[in-house]
Amino acid sequence: MNDTLLKLTGLTKAYPGVIANKDVSFAIQRGEIHALLGENGAGKSTLVKTIYGLVKPDSGTLAFDGQDYAPADPRAARATGVAMVFQHFSLFDALTVAENITLGMENPPKLNALAAQVRAVSDEYGLPLDPDRTVGDLSAGERQRVEIIRCLLQDPKLLIMDEPTSVLTPQEVEILFETLRKLRSEGTAILYISHKLEEIRALCDAATILRLGEVVGECTPRETSARDMAEMMVGEVLQVPERAQKPQGDVVLDMTGLSAPAPHQFGTALRDITISVQAGEILGIGGVAGNGQDELVAALSGEMKVRQGMLSLRKEDIGLWPVNLRRARGLLAAPEERMGHAAAPDMSLTENALLTAAARKALERNGFLRWDRARSFANEVIAGFDVRTPGPENTARSLSGGNLQKFVIGREIMQDPDVLVVNQPTWGVDASAAAAIRQALLDLAAKGAAVICISQDLDELMEISDRFCALNEGRLSEPRSAQGLSVEEIGLMLGGAHDMEVAHAHG
Amino acid sequence: MIALEKRPQPSKIWTVATPVLAVVLTMIVGGILFAALGKDPIATISAIFFDPLFSENAWFYRPQLLIKGAPLVLIAIGLSFGFRAGIWNIGAEGQYIIGAICGAAAGLALYPAETRLIFPLMVITGALGGWAWAMIPGILRVRFGTNEILVSLMLVYVAEQLLASMALGLLRNPEGMGFPGSRNLAQWPAAANGEIISGSGMHWGVVAALIAVIFAYVTLSRHIFGYQVRLSGQAPRAARFSGVNPGRLVLICMGISGALAGLAGLFEVAGPAGQISIDFNVGYGFTAIIVAFLGRLNPIGILLAGGVMALTYIGGEIAQLQIGLPAAAIQLLQGMLLFFLLAVDVLTNYRVRFGREEIA
């Protein structure tokens with residue numbers, strides 16, 4: 001089928017200091033899954049917001065179904081037949097699924113009638129969801145289904161999905177893809193934004209690639225290799241991380257029955273985690289966010305103390321040691337949240353270098369700070385990890401997410417840790433920066449450090465880890481050698497799809 | 001359409017310019033207010049802001065500036081540590097009173113001995129008194145998670161009752177014919193906080209305030225403790241990750257502000273005030289909060305802001321005497337200063353853009 005649903009012509013949108021979209025033109029066909037590819041800052045979100053009526057273009061036109069289309073706001077976009085599932089959900093935890101869906105509707109039907117509709121749609125598209133459950137009890141995948149069903153109830157002609165799989169287990173991804181394929185077969189067009197190239201190859205019919213706000217290429221994903229697409233996105237030849245063969249070293253870090261209560265109401269308790277980490281290995285820990293990742297990092301970094309006998313570094317019991325003593329002995333960590341946890345947003349990079357490196361890099365003497373040394377250490381990190389910034393006097397807030405992540409990871413790696421714990425090291429980081437960070441982790445392990453890499457990105461873990469285990473509701477699975485591990489096996493380790501049985505009950 | 005746009009980093013120029021702009025705006029709006037009261041606005045503003053420094057009677061007012069400014073700067077410097085770390089000691093007024101009571105009591109216990117050690121002893125007990133009073137909200141927050149704003153503020157009223165009780169009871173002058181109030185410390189050379197240079201207004205409190213400014217400047221810019229204070233205020237989670245113990249920081253910051261407020265109280269009671277009396281405290285502890293923010297929590301800024309605030313006190317008295325301005329109008333002017341400062345503060349972090357409407 002070859003009739004155009006949405007046509008974009010010469011869209012340009014400038015913000016002060018940046019051109020977000022420059023003369024962007026492409027078309028989406030009816031019944032097509034169209035991928036929009038690009039690094040962070042390539043202008044994908046501005047473009048999508050333009051289509052959804054959240055941003056007005058400076059110039060250029062849109063045509064929907066052959067008609068001029070210039071939505072004043074999202075309501076107008078929805079009325080035309082455009083629906084969007086955002087990366088961040090807008091749901092109220094305390095309300096039920098049906099109540100949440102009502103809130104987004106202009107003329108909501110009675111709750112009972114709506115619940116019936118929700119059941120009907122969820123059966124039809126194979127999206128198991130009980131309308132009477134409270135959203136607070138749902139997994140990330142189920143929450144996403146609420147958003148998708150909310151969109152489907154509007155019977156959209158074009159469905160926009162922003163990074164939909166970042167929170168899903170492999171099995172949940174399969175369920176989602178089945179739904180999207182069914183929608184396609186009914187003639188719905190889908191604009192699919194992702195940076196996971198293998199997914200795009202599996203799912204999408206066409207792809208438009210953006211770089212620095214401009215369309216730099218189009219391709220048919222099935223016929224293009226992931227590597228070629230990545231290089232189009234980045235505009236340069238990609239370095240694939242190289243793994244050196246290395247001998248197994250001594251055990252440096254031991255967790256023995258590591259347990260800790262949830263630190264706050266929405267936290268996760270750690271339950272009986274037992275594992276030894278050897279020098280020179282990368283231990284990959286997978287899992288969907290909120291299964292104890294933050295708590296495990298806090299227990300290792302020292303922000304959360306654990307009882308004696310649960311955690312030891314080179315046979316020394318460190319469960320009660322404060323943060324900086326652990327650092328001094330070589331156990332370093334880089335938490336997930338960059339702004340406000342790993343770095344102070346309004347402080348300069350020099351000051352942020354001091355945040356963790358004061359002791360190991362001798363940036364203080366008798367309590368007095370040595371600003372010259374701090375500045376030169378910040379400069380070393382900036383140079384060593386290709387952090388794009390005019391200089392170390394700039395605030396952390398002024399850096400893009402990927403650049404700040406390179407700075408944060410670089411700051412720990414350049415302190416020569418014996419054990420490095422990283423949480424989501426490449427989350428929200430563009431492809432070339434992600435490759436650089438993974439390479440740096442591999443190099444660090446090759447030099448004999450033990451690396452614990454906690455990540456939701458399974459491709460990343462398969463690429464760099466020696467052993468893999470999964471964190472699920474605060475429990476750590478048995479570690480398996482990462483080589484030869486299949487996606488299905490990993491999915492089962494992660495706890496599989498949540499509530500598959502509901503699908504059968506209604507199916 | 002006017003739009004505010006967040007700056008990528010706080011503007012260095014506006015950080016310095018906003019307090020000046022706030023003072024200028026206060027002068028303008030204050031002038032309009034005085035005109036509405038039927039006073040000549042130019043004469044009134046110049047009486048408040050210029051006469052204390054440049055009039056023919058300035059020789060009399062300039063020492064007064066130091067006397068008023070020193071306690072404000074001393075207290076504000078102490079508060080600035082906590083305020084930067086997000087620890088809100090609002091009860092400096094109470095710590096000031098307790099410092100004065102403890103210091104005076106330590107001296108009076110030795111009356112009428114004549115030794116050079118009495119004044120230093122009073123200084124130490126004064127600081128300890130303020131410190132101890134500040135430790136109450138500090139420890140309650142660390143142990144039980146109480147709100148230090150409420151506890152420290154309520155302790156001001158407790159301190160005021162204690163002051164009245166001391167002036168009427170334990171510390172009352174036995175030779176004072178039954179009048180409330182202690183012996184006059186300023187008239188007892190061993191305990192007096194006299195002028196170091198006669199006629200200059202320069203007493204030991206002024207010296208202490210200057211030392212505190214230098215100490216705070218060095219600590220905040222060069223010492224790891226100052227870094228931890230700033231880090232805790234800006235990003236508490238990052239501070240814990242960096243190894244800061246939040247409870248200890250609360251106690252240290254409360255302790256510093258309490259001790260400096262106590263010192264200010266002691267220097268006041270042994271010098272300008274002279275004695276413990278029911279109406280000994282005049283609100284320095286509260287005004288110092290304005291001074292701390294007017295000075296952008298920066299030691300040098302606080303020094304200048306303390307001067308400006310002292311100016312409005314002295315100038316306000318001149319305007320009351322010479323022009324007949326009501327006292328409430330001066331308080332309004334001081335409040336206005338904080339109001340404008342907070343209002344123009346937005347320019348530090350945001351850029352104002354004039355242009356067409358945009359949906360971002």
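Chain identifiers are assigned alphabetically (A, B, ...) following the order of the sequence lines, protein sequences preceding nucleic acid strands; residue numbering begins at 1 within each chain.
Ion pairing between R237(B) and E337(A) fails under the 4.0 Å rule for side-chain N and carboxylate O.
The environment of NZ in K305(A) is crowded: more than 12 heavy-atom neighbours from other residues, nucleotides or ligands sit within 6.0 Å. Around atom CH2 of W427(A), no more than 12 heavy atoms belonging to other residues, nucleotides or ligands sit under 6.0 Å away. No more than 12 heavy atoms of other residues, nucleotides or ligands lie within 6.0 Å of CZ in F339(B), so this atom counts as exposed by the packing criterion. The local environment of CG in D68(A) is sparse, with at most 12 non-hydrogen atoms from other residues, nucleotides or ligands closer than 6.0 Å. By the neighbour-count criterion of 12 heavy atoms within 6.0 Å, atom OH of Y350(B) is sparsely surrounded, having that number or fewer from other residues, nucleotides or ligands.
Remark: E351(A) CD to Q234(B) CD distance equals 7.0 Å, nearest 0.5 Å. To the nearest 0.5 Å, the span separating CD1 on I224(B) from CG on L363(A) amounts to 8.5 Å.
In plain terms, the two heavy atoms of V323(A) and G243(B) that are nearest each other are CB-CA, 4.0 Å. The nearest pair of heavy atoms linking A344(A) to L231(B) is CB-CD1, 3.6 Å.
Proximity to chain A (any heavy atom under 4.5 Å) is shown, for V244(B), by neither the backbone nor the side chain. With a 4.5 Å cut-off on non-hydrogen atoms, S221(B) touches chain A through its backbone but not through its side chain. Only the side chain of A358(A) comes within contact range of chain B, with at least one heavy atom under 4.5 Å from a heavy atom of that chain. Looking at L354(A), the atoms closer than 4.5 Å to chain B (heavy atoms on both sides) sit in the backbone and in the side chain alike. When heavy atoms are compared at a cutoff of 4.5 Å, N394(A) approaches chain B by way of both its backbone and its side chain.
Contacts with chain B were tallied for S398(A), G340(A), G302(A), G367(A); G367(A) has the most, counting heavy-atom pairs under 4.5 Å. Most heavy-atom pairs under 4.5 Å with chain B, from the set S301(A), A333(A), P322(A), A357(A): that is A333(A). Among P345(A), P335(A), A298(A), the residue making the largest number of heavy-atom pairs under 4.5 Å with chain B is P335(A).
Judged by the 6.0 Å distance and 45° axis criteria, R327(A) is positioned over the aromatic ring of F241(B).
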